[in-house]
Amino acid sequence: QVQVVESGGGLVQPGGSLRLSCEASGLTLGHYAVGWFRLAPGKEREGVACISSLGQDTYYTSSVEGRFTISRDNVQNMVYLQMDGLRPEDTAVYHCATDGDYCNPLEYYHDLSTFDYWGQGTQVTVSS
């Protein structure tokens, strides 16, 4: 049985940092590009970042470029999202998801059919 689990969310002040982790069981993450998307109340699902299966290519939505860093450790079967310079508008539930052989355009992430597997998410709240 495949299970994808995100962790590392929490409450942080503006300008702070968090590191999200994504781990999978019953699934080899290294066989997939993996992306992060977020969902905030009243907003559409938004693609945040994606990393290719071997980690050589990364993609970011413009609002997080330069602040967020996606990385992976295929030996540990983990994917990470380092979030620095957090802003209140980053508040959302963050999910990781397998994105097939290659990263799809992040604009496709509003549609869950883009993914084979995704987790329940971890809440990130940025507030003073």
**Student:** Identify the two heavy atoms, one from Ser128 and one from Pro14, that lie closest to each other, and give their separation to 0.1 Å.
**Tutor:**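 Scanning both residues, the minimum pair turns out to be N-CD, 3.7 Å.
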
**Student:** Is there a continuous path of hydrophobic side-chain contacts, each under 4.5 Å between heavy atoms, that joins Val93 to Val34?
**Tutor:**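 As far as the 4.5 Å side-chain criterion goes, Val34 and Val93 are not connected within one cluster.
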
**Student:** Give the cluster check for Leu27 versus Val75: same hydrophobic cluster or not, with ILVMFWY residues linked at side-chain heavy-atom distances below 4.5 Å.
**Tutor:**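 In one cluster: no.
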
**Student:** Filter on side-chain hydrogen bond (donor to acceptor under 3.5 Å, both in side chains), then keep only pairs touching residues 50-62, sequence neighbours left out; what's left?
**Tutor:**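 Passing the test, one end in residues 50-62: Ser52-Gln56.
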
**Student:** Rounded to the nearest 0.5 Å, how far does CD of Gln120 lie from SG of Cys96?
**Tutor:**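 With rounding to 0.5 Å, SG (Cys96) is 11.0 Å from CD (Gln120).
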
**Student:** Assigning hydrophobic clusters by single linkage (Ile, Leu, Val, Met, Phe, Trp, Tyr; side-chain heavy-atom cutoff under 4.5 Å), is Leu18 placed with Tyr94?
**Tutor:**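 Yes, one cluster joins them.
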
**Student:** Show me the side-chain donor-acceptor pairs of residues 64-71 shorter than 3.5 Å, one per line, residues at least two apart or across chains.
**Tutor:**
residue : atom : partner : partner atom : Å
Arg67   : NE   : Ser63   : O            : 3.4
Arg67   : NH1  : Gly85   : O            : 2.9
Arg67   : NH1  : Asp90   : OD2          : 2.8
Arg67   : NH2  : Ser63   : O            : 2.8
Arg67   : NH2  : Asp90   : OD1          : 3.1
Arg67   : NH2  : Asp90   : OD2          : 3.4

**Student:** May I have the step-by-step check of side-chain contact (heavy atoms from CB on, under 4.5 Å) for Leu29 and Thr98, ending in yes or no?
**Tutor:** CA-CA 7 Å; Leu29 286 178; Thr98 59; 4.1 Å; yes

**Student:** Are Val12 and Ser17 close enough that some pair of their side-chain heavy atoms sits under 4.5 Å apart?
**Tutor:**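 Of all side-chain heavy-atom pairs linking Ser17 with Val12, none is under 4.5 Å.
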
**Student:** side-chain hydrogen bond (donor to acceptor under 3.5 Å, both in side chains), that's the test. Do Asp99 and Tyr108 meet it? Break it down for me.
**Tutor:** CA-CA 10 Å; Asp99 191 10; Tyr108 290 13; over 6 Å; no

**Student:** Strictly distance-based, threshold 3.5 Å: is any side-chain N or O of Arg72 a donor or acceptor partner for the main-chain N or O of Val79?
**Tutor:**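 Not confirmed, Arg72 side chain does not pair with Val79 backbone.
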
**Student:** Hey, what do you get for CZ (Phe37) to CD (Glu46), rounding to the nearest 0.5 Å?
**Tutor:**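 If I round to the nearest 0.5 Å, the distance is 11.5 Å.
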
**Student:** Nearest 0.5 Å please: distance from the NZ atom of Lys43 over to the CD atom of Glu89.
**Tutor:**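 It comes to 7.0 Å.
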
**Student:** Sub-3.5 Å donor-acceptor pair from the side chain of Asp73 to the main-chain atoms of Met78, do we have one?
**Tutor:**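 Judged by distance alone, no pair lies under 3.5 Å.
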
**Student:** Any donor-acceptor pair under 3.5 Å linking the side chain of His95 with the backbone of Gly119?
**Tutor:**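 Present.
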
**Student:** When rounded to the nearest 0.5 angstrom, what is the spacing between CH2 in Trp36 and OH in Tyr109?
**Tutor:**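 Taking CH2 in Trp36 and OH in Tyr109, the distance rounds to 11.5 Å.
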
**Student:** For the atom pair CZ (Arg19) and OH (Tyr80), what is the distance rounded to the nearest 0.5 Å?
**Tutor:**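 One gets 5.0 Å once the value is rounded to the nearest 0.5 Å.
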
**Student:** Hey, is the main chain of Thr28 close enough, under 3.5 Å, to the side chain of Asn74 for a donor-acceptor pair?
**Tutor:**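 Side chain of Asn74 to backbone of Thr28, a donor-acceptor pair under 3.5 Å: no, none is there.
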
**Student:** Could you go through Val124 and Leu20, starting from their C-alpha distance and side-chain angles, then the distance that decides it, and tell me whether this counts as side-chain contact (heavy atoms from CB on, under 4.5 Å)?
**Tutor:** CA-CA 9 Å; Val124 172; Leu20 306 185; 4.0 Å; yes

**Student:** Provide the closest heavy-atom pair for Leu106 versus Val48 in the form atom of the first, atom of the second, distance.
**Tutor:**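 Where Leu106 meets Val48 most closely, the heavy atoms are CD1-O, 3.8 Å.
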
**Student:** For the CD atom of Glu23 and the CD atom of Glu6, what is their distance to the nearest 0.5 Å?
**Tutor:**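 One finds 10.0 Å between CD of Glu23 and CD of Glu6.
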
